[in-house]
There are 2 protein chains.
Amino acid sequence: MTGPTIESRALRYFVAVAEELNFSRAADRLGISASPLSRAIRALEADMGVTLLERSTHGVSLTPAGAVLLEEGRSALDAAQAAVRRAQRAGASTPQIVLAVKADSDAGLLDAILARYAAQDPALPVTVRLCGWAEQPRLLRRGEADVALVHEPFDRTGLDAEPVAVEPTVAAVPATHPLAHEGRATLADLGLPMTGPSDLAGVRRHQDNLVDRHGIRDLAQLLALVELGRFVTLVPRSVADRYPRRGLAYLDVPDAPPAVLAIAWPQQSRSTAVAALVRAATEPEPAQHAL
Amino acid sequence: MTGPTIESRALRYFVAVAEELNFSRAADRLGISASPLSRAIRALEADMGVTLLERSTHGVSLTPAGAVLLEEGRSALDAAQAAVRRAQRAGASTPQIVLAVKADSDAGLLDAILARYAAQDPALPVTVRLCGWAEQPRLLRRGEADVALVHEPFDRTGLDAEPVAVEPTVAAVPATHPLAHEGRATLADLGLPMTGPSDLAGVRRHQDNLVDRHGIRDLAQLLALVELGRFVTLVPRSVADRYPRRGLAYLDVPDAPPAVLAIAWPQQSRSTAVAALVRAATEPEPAQHAL
DNA sequence: GTCAGTTACGTGTTTCGTAAGTATT
DNA sequence: AATACTTACGAAACACGTAACTGAC
């Protein structure tokens with residue numbers, strides 16, 4: 001059992017195999033042939049003195065040790081990648097700060113935040129990176145973004161966050177829905193799981209399932225499917241305001257947990273630019289002094 | 001500018017140079033000669049398309065990009081090490097859970113916590129790892145420990161924590177101190193920096209400075225120096241109770257922030273054993289039902 | 001002249017791919 | 001027979017150390 005130093009190559013190889021649970025596919029993904037991959041994993045197991053993979057008759061499976069190495073190794077690789085990307089940005093001739101936002105998930109505040117940040121004294125150029133459903137935390141962890149606007153709840157591991165805005169949640173239903181003309185409904189009316197007042201996790205999980213199942217990539221697709229009567233969904237009011245559609249009705253849902261928009265950044269960030277952008281997003285509106 | 005993949009060797013080399021700010025010493029520390037080190041760093045800079053080190057007449061210094069890569073690269077290396085160590089422990093024939101504790105910093109609760117944990121159904125053997133002054137977070141981040149008992153404030157980056165116990169802070173002064181027989185004193189009386197009621201950081205920083213300056217490694221040394229009249233120090237009451245010394249007096253300090261002992265663990269830990277140990281440490285005492 | 005960092009060059013190790021081997025369906 | 005993982009072997013790439021080079025004190 002050698003020391004704890006590991007080459008990132010070995011870790012990348014292992015993660016690929018552990019994710020695919022198949023040497024050939026993993027080798028493909030890595031752009032190498034299966035032979036060096038097999039040897040590398042065996043060497044890694046020998047170095048660590050631990051069996052990582054169970055090669056049984058019915059394919060490859062993870063041992064407990066392998067499961068741990070997959071989980072923790074993945075985040076170590078993310079961290080290394082993040083280190084490189086952030087260093088590259090810090091060393092660029094015109095350093096930029098990257099803000100990740102899911103399209104239409106800014107509660108209409110993006111412009112105001114950017115303007116407020118730009119008004120501060122040493123303000124770096126901000127690149128807005130649009131991303132998919134729950135990609136923001138991943139982009140932060142991989143160093144592809146420095147800050148993100150993201151709706152709660154999200155995986156806070158390694159991240160810090162401050163709330164930016166709270167707004168009511170409304171339900172999107174087909175115009176043909178029995179309650180479409182009521183203007184309001186309860187979660188139970190809509191067949192959505194009941195949750196405690198402060199627990200959005202249930203509703204969110206429900207929506208994530210739908211998103212996964214139908215391979216939805218953006219809001220327009222989601223709303224189109226709602227329009228077709230496939231299901232109903234919950235969205236922040238600001239999203240509803242931005243997407244009026246003839247075939248859709250939006251209902252108030254008094255018992256739905258409110259939508260909380262937060263600004264998140266890597267916990268270990270020491271960047272003053274990030275801090276300034278966070279301040280711009282969270283500071284209360286400056287009081288309007290009378291003339 | 002190549003992709004963001006980096007070999008951990010390159011990262012280790014860079015961190016060594018960035019910490020030493022000197023190629024020869026860094027090469028020494030790494031156990032290689034200066035030549036491959038110089039080449040490796042230049043290759044890394046070329047790969048990344050960024051200058052990391054400023055080689056000027058008066059030695060080596062970090063560029064902004066280098067500073068970022070040092071900070072983030074260090075934690076990426078820690079994460080990789082942690083992944084390996086935790087996987088090794090998970091794969092061991094008799095998996096153990098490692099609890100890091102600074103000697104005498106358990107508020108006398110260690111035995112009770114261990115007993116309560118051991119009473120749970122699937123309880124793993126617990127290895128108590130004694131460590132130095134503020135080593136616990138580092139041990140957690142490097143995977144050398146799974147859980148830690150640590151006094152606040154500490155660097156929470158990447159860690160989660162729950163409070164375990166709060167106890168009054170007392171001052172240790174030489175028996176010859178003018179206030180030794182008063183039994184109590186204020187921070188101002190003792191010449192310690194004033195801090196807000198909820199801010200221990202000032203006092204803690206003051207103590208850390210002293211610890212660093214005198215190279216103190218354990219409590220006995222610290223108290224011996226206090227006894228010699230070199231300075232005064234603040235300790236939790238439980239520590240005072242455990243170290244009665246003839247040459248020392250302990251004074252109540254009503255305006256000192258209380259000492260908060262917390263149990264901390266890596267944020268991404270999915271280990272049920274860790275969760276059970278945390279529960280054992282934080283759960284309220286079971287109510288004593290009357291007969 | 002010495003100290004610190006870099007470049008030049010020859011050597012040894014590591015990693016690769018192709019191809020053959022073994023086992024399961 | 002086909003698929004999936006492993007072992008065997010020769011070739012290419014990589015990292016190393018010694019030694020020579022450059023510039024600053």
Side-chain angles (χ1 to χ4, degrees), chain A residues 2-63 65-66 69-70 73 77 80 84, chain B residues 2-63 65-66 69-70 73 77 80 84:
Chain A
T2 314
T5 56
I6 187 172
E7 291 305 318
S8 44
R9 184 206 325 276
L11 205 45
R12 277 196 307 275
Y13 287 6
F14 171 74
V15 168
V17 174
E19 283 180 352
E20 302 284 350
L21 290 177
N22 178 311
F23 279 77
S24 315
R25 277 200 303 273
D28 247 20
R29 198 174 102 185
L30 293 166
I32 65 174
S33 60
S35 160
L37 182 55
S38 172
R39 257 178 299 132
I41 301 292
R42 295 208 97 88
L44 176 59
E45 290 179 317
D47 260 15
M48 290 181 58
V50 169
T51 305
L52 299 169
L53 298 168
E54 208 65 64
R55 291 93 159 163
S56 78
T57 349
H58 292 286
V60 178
S61 62
L62 288 169
T63 63
L69 190 64
L70 171 58
L77 290 175
V84 171
Chain B
T2 314
T5 56
I6 186 172
E7 291 306 319
S8 44
R9 184 204 328 279
L11 206 45
R12 277 195 307 275
Y13 286 6
F14 171 74
V15 168
V17 174
E19 283 180 353
E20 302 283 349
L21 289 177
N22 178 311
F23 280 76
S24 315
R25 277 200 303 273
D28 237 25
R29 197 174 102 184
L30 293 166
I32 64 175
S33 60
S35 160
L37 182 55
S38 171
R39 256 180 298 130
I41 301 292
R42 294 207 98 88
L44 177 60
E45 290 179 317
D47 260 16
M48 291 181 57
V50 169
T51 305
L52 299 170
L53 297 169
E54 209 65 65
R55 291 93 160 164
S56 77
T57 345
H58 292 288
V60 178
S61 62
L62 289 169
T63 64
L69 190 64
L70 172 58
L77 290 175
V84 171

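Note: hydrogens, waters and symmetry copies are ignored here, and every other heavy atom, side chains too, is used. By convention in this document, chain letters (A, B, ...) are assigned in the order of the sequence lines, proteins followed by strands, and residues within each chain are numbered from 1.
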Heavy-atom donor-acceptor pair, B:Ser61 side chain to B:Ser56 backbone, under 3.5 Å: no
Proximal nucleotide (of D:dT7, C:dT6, C:dG17) relative to the B:Ala34 side chain: C:dT6
Candidates C:dT25, D:dC5, C:dG17 - which lies nearest the side chain of A:Val60: D:dC5
Pairwise distance CD1(A:Ile41) to CZ(A:Phe23) - rounded to 0.5 angstrom: 5.5 Å
Distance-only polar pair, side chains of A:Arg39 and A:Ser35, donor-acceptor under 3.5 Å: yes
Gap between atoms CZ and C1', on B:Arg42 and C:dA8 respectively (whole Å): 15 Å
A:Ile41 CD1 to D:dA4 C1', straight-line distance once rounded to whole Å: 15 Å
Spacing between A:Leu37 atom CG and D:dT7 atom C1', to the nearest angstrom: 15 Å
Phosphate OP1/OP2 of C:dT25 contacted by A:His58 side-chain N/O (<4.0 Å): yes
Value in whole Å for how far the C1' atom of D:dC5 lies from CD1 of A:Ile32: 14 Å
Length of the line joining A:Arg12:CZ and C:dT15:P, which is rounded to integer Å: 12 Å
Minimum-distance nucleotide (side-chain atoms of B:Ser35 versus C:dA8, C:dA19, C:dG5): C:dA8
Closest to side chain of B:Ser33, choosing from D:dT6, D:dG17, C:dT6: D:dG17
Salt-bridge criterion met for A:Arg12 and B:Glu7 (N-O under 4.0 Å): yes
Between P of D:dT6 and OH of A:Tyr13, the distance in whole Å: 15 Å
Candidate nucleotides D:dC16, D:dC5, C:dG5, ranked by approach to the side chain of A:Ser24 - the nearest: D:dC5
Comparing B:Gly59 and A:Ala40 on DNA chain C - which has the more 5′ nearest nucleotide: B:Gly59
Short side-chain N/O contact to D:dT6 OP1/OP2 from A:Arg39, under 4.0 Å: no
Sidechain-backbone polar pair: A:Thr63 side chain, A:Glu54 backbone, donor-acceptor under 3.5 Å: no
Residue met sooner reading DNA chain C from 5', once B:Asn22 and A:Arg9 are mapped to nucleotides: B:Asn22
Nearest listed nucleotide, side chain of A:Arg55, among D:dT6, D:dA15, C:dG5: D:dT6
B:Asp28 CG - C:dA4 C1' separation (whole Å): 13 Å
Integer-rounded Å distance: D:dA15 P and B:Leu30 CG: 14 Å
Closest listed nucleotide, where the reference is the side chain of B:Phe23 and the choices are C:dT6, D:dC5, D:dG17: C:dT6
